[in-house]
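Heads up, the thing below is written out as structure tokens.
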2 protein chains.
Amino acid sequence: MKRSRVTIKTIAEKAGLSCGSVSQVLANPQHPRFPPETRKKIIQVADELNYRPNRFAIGLRRQKVNLIVLVVPWNCPELVDSIETKVREVDFQLMISQTPLPIKGAEEKALMAALDWQPDGIIWMPSTADSEYKNIIQHIKAWHGKVVLLHHKLKSLPDMDVVRPEAITSVRRAVEHIASQGYRKIVYVSLPQIVQLDRIRLNTLEQTAKQYNIDFDRIKIDSNEETKQYQKYLSQITQPTAFICQGDWHAIEILEVAEQLKLNCPDEIGIISIGDFLLGNRIRICEVARPRITAIREPFNAIAETTVRLLIDRIVEQIEVPAQNIEVAEELIIRQSTLKTGVSR
Amino acid sequence: MKRSRVTIKTIAEKAGLSCGSVSQVLANPQHPRFPPETRKKIIQVADELNYRPNRFAIGLRRQKVNLIVLVVPWNCPELVDSIETKVREVDFQLMISQTPLPIKGAEEKALMAALDWQPDGIIWMPSTADSEYKNIIQHIKAWHGKVVLLHHKLKSLPDMDVVRPEAITSVRRAVEHIASQGYRKIVYVSLPQIVQLDRIRLNTLEQTAKQYNIDFDRIKIDSNEETKQYQKYLSQITQPTAFICQGDWHAIEILEVAEQLKLNCPDEIGIISIGDFLLGNRIRICEVARPRITAIREPFNAIAETTVRLLIDRIVEQIEVPAQNIEVAEELIIRQSTLKTGVSR
DNA sequence: CTGTTAGCGCATTCAA
DNA sequence: TTGAATGCGCTAACAG
């Protein structure tokens, strides 16, 4: 049994009316343009037939389909959940496009695909610097929809909105805290390539460390040699050192290695994670670890809220407001991994 | 400057050819139907103009768009990552639709939306029992595409493929292990509503416990009262008890509460998680916890692989193979949370 | 071998 | 108040 699709035509026939009428009524069932009886009839038939409008036809016609695409470079559960919730509230469709593995060009491909759906807006968290996005940038510029960038501004897209954490204050506080605990050295742990936000953090960190007269260093993580790198670095420590890690994963792994090497955390090394993701809506991995890990908590929920509101505003009001750069405050959550025993607070 | 869209018409004009030719060539640039010169010309112009075909038009015409939708009831990073990777390999578009919060009807809504995109296939992990899906079931049945269910078979959709973990063996092994460690009681921890797979686990558990002459009980978790429930239950323990938790989150929280109550894990209580998710492609929360948590590891990667292959097969070959029910082996990963001190193995 | 044409399902406009 | 005609961008069948 091959059943053909139910279209407005089907409904029109069954109701003894024309397509136009059906379309009208279905689009605006409350409008008194048609007699109540007709409207009721149409709606009833549509219901019986399990009618669903064809997105492609609508898209073709209207050139838009109330769709927002979220492009994130890795699986970032808290952000995705938050955005999902906010978008649901405003009755837009959300299409998530994750590119978890750092496959060359995957992100560009995802963006291309996103554009092909002619969404009303795109929320994009670039994972790396401008230079990687040569091909896609022109497509984005040629496109008519709205883009909000997360975390990093791109030089080649200067007139895009950006929503990101305010990184300076929290980093300063972290250093202050580290100093108060008597650590003599700070090490910033991140991937080799750093993007704008990381750079801000890095600079602030270096600068503030100098103010407090604390040594500063940086580890660039090669994802294949990770554990080895940590082992090497940790085994050479000569003074109380605090590690500030880009993302929870690094922090956890350093802690693991420290445990293997029988290095005491927090006394010999301190660990701070930048992230503090909420997983499964209930648990933070920094709180599961022992000792619990101090963290600069990225305000994903607030970022999601701000981003979606901004984007929707852009979409519905067509007013040309200049690009915004919104910063959302981060919080420093002090836990055991940086609370040395015997240091008076 | 309002730039209009680039369509095949634009290209045709600029190349001095007809739409039909352009369409043909672009669809199949290698086909010798047109002289190499013409083909080259068309492709070049399309390139210059940054032409991108309109998905809606294609969808309308062909009634399909090489799209697979993944509907998961909560954010399940490992599964999503794996599926994403596999789908990318076969050159289909993946659209992820997560419904993390248990909002009434959210899942149905997500499925409806999914169907509206007329995907070639849907991968769906139902979060609850048939009765909740009354409305959507008929739409799915009326639909012409392929569905693969994850984890749970639905009675109202008996002819759908199902891919799921083989739950019996691993549960038996877990009980055996628990018995060998001298625990006298087993408690199954899960949400109040249980779905097919949970039921299998529950039954196997109860039965096997009886075989080993171990007490059996069950806690139904009300997500608001979680901690309280655990506190109450744990404070009443009179004999070495092993908790088998549906999902890592429950396991972590029980461990947390046990720590507060100064209950020793593994000696007084044992904990086993069913899940052992891989997070961020590198870390399992069960390994971060102290003691590390024993787990029945759900084979998400294998499930993803099997599912995508099955679905693609169904889509490309149109052969009507009867619905399959594929089971993927689970692994029992024994860690400290169930390894009592002083018990000889 | 190439260009023309009919429609996919819908919304909009205009005529009746 | 209603219905018929048009076109969105593309493809496939068909005509030249």
Side-chain angles (χ1 to χ4, degrees), chain A residues 2-42 45-46 49-67 115-118 142-144, chain B residues 2-43 45-46 49-67 115-118 120 142-144:
Chain A
K2 186 148 195 175
R3 100 185 59 205
S4 63
R5 289 192 161 65
V6 176
T7 72
I8 42 171
K9 209 163 151 190
T10 326
I11 298 174
E13 278 165 19
K14 192 152 182 184
L17 294 161
S18 80
C19 302
S21 314
V22 174
S23 171
Q24 301 274 356
V25 171
L26 255 30
N28 206 341
Q30 309 303 336
H31 199 285
R33 186 176 166 181
F34 295 85
E37 225 175 280
T38 310
R39 285 187 270 154
K40 204 172 157 190
K41 173 87 184 173
I42 290 178
V45 173
L49 264 38
N50 279 332
Y51 168 75
R52 299 241 85 199
N54 183 317
R55 273 205 115 76
F56 296 138
I58 295 177
L60 192 57
R61 190 63 243 243
R62 295 206 242 198
Q63 305 289 9
K64 57 169 285 181
V65 277
N66 270 28
L67 173 71
L115 289 173
D116 283 348
W117 290 106
Q118 302 189 31
W143 178 59
H144 65 292
Chain B
K2 184 151 193 171
R3 100 185 58 203
S4 62
R5 288 191 162 66
V6 177
T7 72
I8 43 171
K9 207 163 152 190
T10 326
I11 298 173
E13 278 165 17
K14 194 153 180 183
L17 294 161
S18 79
C19 301
S21 314
V22 174
S23 171
Q24 302 276 355
V25 171
L26 256 30
N28 206 339
Q30 308 305 334
H31 199 285
R33 185 177 166 180
F34 295 86
E37 226 175 278
T38 309
R39 286 186 270 154
K40 203 171 157 190
K41 173 87 184 175
I42 290 177
I43 290 167
V45 173
L49 264 39
N50 278 333
Y51 169 74
R52 300 242 85 200
N54 184 318
R55 276 204 114 77
F56 296 138
I58 295 177
L60 192 57
R61 191 61 244 238
R62 294 209 239 190
Q63 306 289 7
K64 58 167 285 179
V65 278
N66 271 28
L67 173 71
L115 288 173
D116 283 348
W117 290 104
Q118 301 188 30
D120 300 287
W143 178 59
H144 66 293

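Just so you know, these numbers come straight off a predicted model, no measurement behind them. Here is the naming used below: chain letters follow the sequence lines, and residue numbers restart at 1 for every chain.
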Just the table, please: protein N/O against nucleotides 2-4 of chain C N/O, every pair under 3.5 Å.
{"residue": "C:dT2", "atom": "OP2", "partner": "B:Arg33", "partner atom": "O", "Å": "3.0"}
{"residue": "C:dT2", "atom": "OP2", "partner": "B:Pro35", "partner atom": "N", "Å": "3.2"}
{"residue": "C:dT2", "atom": "O4", "partner": "B:Arg33", "partner atom": "NH2", "Å": "3.1"}
{"residue": "C:dG3", "atom": "OP2", "partner": "B:Ser21", "partner atom": "OG", "Å": "2.9"}
{"residue": "C:dG3", "atom": "O6", "partner": "B:Arg33", "partner atom": "NH2", "Å": "3.1"}

Roughly, in whole Å, what's the span from CZ in B:Arg61 to C1' in C:dC8? 6 Å
What's B:Ser23 touching, base or sugar-phosphate or nothing? Going by heavy atoms closer than 4.0 Å. base
Between B:Gln118 and A:Arg55, is any pair of side-chain heavy atoms under 4.5 Å apart? no
When the ring planes of A:Trp117 and B:Trp117 are compared, do they come out parallel, tilted or perpendicular, using 30° and 60° as the limits? perpendicular
To the nearest Å, give me how far apart CD1 (A:Ile8) and P (C:dG7) are. 17 Å
Taking salt bridge (charged side-chain N to carboxylate O under 4.0 Å, His left out) as the test, write out the residues that go with B:Arg39, two or more places apart. none
For DNA chain D, the residues among residues 51-60 of chain B that have a non-hydrogen atom under 4.0 Å from it: B:Tyr51, B:Pro53, B:Asn54, B:Ala57, B:Ile58
Nucleotide C:dC8, atom P - distance to CD of B:Gln63 in whole Å: 9 Å
Could you tell me the boundaries of the chain B footprint on DNA chain D, defined by atoms under 4.0 Å from its heavy atoms? D:dG9 to D:dC14
Determine yes or no for a side-chain-to-main-chain donor-acceptor pair under 3.5 angstrom, with A:Arg52 supplying the side chain and B:Asp116 the backbone. no
Would you please name every residue forming a side chain to side chain contact (heavy atoms under 4.5 Å, CB included) with B:Thr10, sequence neighbours left out? B:Val6, B:Thr7, B:Leu49
How far does CD1 of B:Ile8 sit from CD1 of B:Ile42, to the nearest 0.5 angstrom? 10.0 Å
Between CD on residue B:Glu13 and NZ on residue B:Lys9, distance to nearest 0.5 Å: 6.5 Å
Listed partners of A:Lys40 passing salt bridge (charged side-chain N to carboxylate O under 4.0 Å, His left out), at least two apart: none
Grab the CZ-P distance between B:Arg39 and C:dC1 for me, whole Å please. 10 Å
Distance check, rounded to the nearest 0.5 Å: B:Ile58 atom CD1 versus B:Ser23 atom OG? 8.5 Å
For B:Val25 and B:Leu17, run side-chain contact (heavy atoms from CB on, under 4.5 Å): C-alpha distance rounded to whole Å, both residues' side-chain angles, the deciding distance at 0.1 Å, then the answer. CA-CA 11 Å; B:Val25 171; B:Leu17 294 161; over 6 Å; no
Min side-chain heavy-atom separation B:Asn66-B:Lys64 under 4.5 Å: yes
